[in-house]
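What follows is one structure encoded as structure tokens, with my remarks underneath.
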Amino acid sequence: MGLMLYNTLTRTNEPFEPIVPGKVGMYCCGPTVYNYAHIGNLRTYVFEDLLRRSLEALGYDVRHVMNVTDVGHLTDDADEGEDKMEKSAREMKRSVWDIAAYFTEAFFDDTRKLNVIPPTIVCRATDHIPQMIDLIKRLEQRGYTYVAGGNVYFDISRFDEYGRLALLDRQELKAGARIEVDRNKRNPHDFVLWFTRGKFEHQSMMWDSPWGRGYPGWHLECSAMSLHYLGEQFDIHCGGVDHIPVHHTNEIAQSEAATGRKWVNYWVHAEFLLMDSDKMSKSAGGFVTLGTLEDEGYEPLDYRYFCLGGHYRTQLQFSFESLNAARNARRNLNDRVVALQATLGGQPAPAADWDGPYAKAFLRHISDDLNVSRGVAELWGVVKDGELEARDKLAQIAAMDTVLGLRLLEQAMAAVQVDADVERLIEERGRARAGRDFARADRIRDMLGEQGIVLEDGPDGTKWKKVSRRV
RNA sequence: GGCGCCGUACCCAAGUGGUAAGGGGGAGGUCUGCAAAACCUUUAUUCACCGGUUCGAUUCCGGUCGGCGCCUCCA
């Protein structure tokens, strides 16, 4: 069954056809490492992970490239703003390099906790300055640049297709609506490819270039690195919707001007997470991180499950009430999968089976522009099915979870690891109950409860299971 | 001002030109020393509002009201 993907370039759902059969080149805009990622940022990375896992489930060999922006990102783009890295470094009294290393690590800690598969290649902007300089040279040779006030600019008037992705030609742009127009620019939408020294004081990350010592413009790195790692044409480029009008628009201009050909086939954008009917903003401060959630007693995968509840192209309303619902749902799900695994009596979890009816339906929904909430409904369907054998259920669950990434089987296997001491205590409690020594029986149950072992007395005797800690 | 998106039960959230997935929460029941769990049942005659097209619209079109995003920091 073919994958349909919504392509921002055409604003329609299109059948996905890779350039090379069976292989997918995918570039995702990564974090700017001057602060922790907030959960809104993280939603996008969970979405990208979902896309990657879906492609793999459909049999594609995915080359997933993600950048880490560790330089040259201004608080505004008007040649006036402060460099975010420098600002953060000053505030934390550390070097920009330390800041970058620290927050890069923090970012990957978060994504690992969210069970996001690491990209095939992670590339740092500062490791690819030569590629960026080469790209500017190519643009210069083809006549797409001009130098003004010490900076090298991209001249959008030379690129006819400029703004197609964002439908900019259909907009009456209010240039300078929010910031001062850079007087060096011939067109308000021209953007800087290379900044030279002297623009800002105390700029510590600088490199030599044909245009003077300085540093690259923000958009340049994504073009330079994606061209470097994925070639002059590749399949998918992802990012948040906020990147459509400027960042991705400029990336397209740079890349296609340099190569003279179409660059990316499918542009796929994730919508925002909203906080109190407002988008969550990193720069505005007061944002919620994964650490905040953990401090509140949530597990990272609760947040992943929460993200899976909505479609990636619709704004998702965050609230602790909703996150609670997600946590409860995931606990129920985990408990049920543990119960299924327990019936296998210590045998390993069955291998993923995509041929079952639920798994098939799941894949059909996922293929429909990643309709994951519908997919999750199929997961519940198989879990609650009254006819299927536990083994069949688990095999289909295993298949679906390769896409959902909820670690369902791993947790189930861990939970059913029988601890001899626990078994012994249960037997002891059984004897106490038989002797109607309920005080002693309850004491044992409480003790086990503290270890996350829950007992359930039923007609067939006492069952027990390990559950996630109830906070 | 321009461009784009959205408005579904108590909450989150899918979806379709032919009569509303799923989860959470709530309610009732079975079971039980108690509890928990499990299981069963139940929870939108209705999809912001008003018109239009249609045999039929929540789904298409127009308008109104409300919300959100973008228009050079943002995932």
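Reminder, nothing fancy here: chain letters follow the sequence lines and each chain counts from 1.
In this model, the phosphate group of B/A75 is approached by a side-chain N or O of A/Asn41 to a distance below 4.0 Å at OP1 or OP2. Phosphate contact (OP1/OP2 of B/G15, side-chain N/O of A/Ser373, threshold under 4.0 Å): absent. Of the side-chain N and O atoms in A/Arg336, one or more sit less than 4.0 angstrom from OP1 or OP2 of B/C39. OP1 or OP2 of B/G24 lies within a sub-4.0 Å distance of a side-chain N or O belonging to A/Asn332. At B/C39, none of the side-chain N or O atoms of A/Lys384 fall inside 4.0 Å of OP1 or OP2 (strictly under the cut-off).
For A/Glu428, the CD atom is densely surrounded, since the number of other residues' heavy atoms within 6.0 Å is greater than 12. Other residues, nucleotides and ligands contribute at most 12 non-hydrogen atoms within 6.0 Å of the CZ atom of A/Arg436.
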Between the protein and nucleotides 27-30 of chain B, list the N/O to N/O atom pairs that are separated by less than 3.5 angstrom.
none

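B/G1 and B/U54: their P atoms are spaced 35 Å apart (whole Å). Separation of the P atoms belonging to B/C50 and B/U45 is 16 Å when rounded to the nearest angstrom.
With a cut-off of 3.5 Å on both pairing distances, the Watson-Crick or G-U wobble partner of B/C68 is B/G4. Using the Watson-Crick or G-U wobble rule with both distances under 3.5 Å, B/U54 pairs with nothing in any strand shown.
The residue A/Asn324 sits apart from the nucleic acid: no heavy atom pair falls under 4.0 Å. Residue contacts for A/His311: at a heavy-atom cut-off of 4.0 Å it reaches the sugar-phosphate backbone alone, with no base atom in range. Note on A/Thr44: a base of the nucleic acid sits closer than 4.0 angstrom, heavy atoms only. Using a 4.0 Å heavy-atom criterion, one finds that A/His247 contacts no nucleic acid atom at all. Here A/Arg43 lies out of heavy-atom contact (under 4.0 Å) with every strand. Within 4.0 Å (heavy atoms only), A/Ile244 reaches no atom of the nucleic acid at all.
Between A/Phe320 and A/Phe318, the ring-plane angle classifies as perpendicular under the 30° and 60° cut-offs. Ring geometry for A/Trp267 against A/His248 counts as tilted: the plane angle lies between 30° and 60°, on a 0 to 90° scale. The aromatic rings of A/Phe195 and A/Tyr215 sit parallel, their planes meeting at an angle under 30°, below the 60° perpendicular limit. The aromatic rings of A/Tyr144 and A/Phe159 lie perpendicular to each other, with more than 60° between the two planes, well past the 30° mark.
The side-chain ring of A/Phe438 is stacked on the base of B/G33, judged by centre separation under 5.5 angstrom and plane angle under 30 degrees.
Within 3.5 Å, a donor on the side chain of A/Arg445 pairs with an acceptor on the base of B/A35, or the reverse.
Checking B/G25, B/A75, B/C71 against every side-chain atom of A/Asn328, the shortest atom distance belongs to B/G25. For A/Gln315, taking side-chain heavy atoms from C-beta onward, the closest of the listed nucleotides B/C71, B/G69, B/C11 is B/G69. The side chain of A/Ala377 has B/G22 as its nearest neighbour among B/A75, B/G22, B/C12. Of the candidate nucleotides B/G23, B/A75, B/C12, B/G23 has the atom nearest to the side chain of A/Trp380.
Residues A/His243 and A/His269 keep their aromatic ring centres 6.0 Å or farther apart.
Residue A/Asn371 is the one, among A/Asn371 and A/Asp442, whose nearest nucleotide of RNA chain B lies closer to the 5' end (criterion: closest heavy atom).
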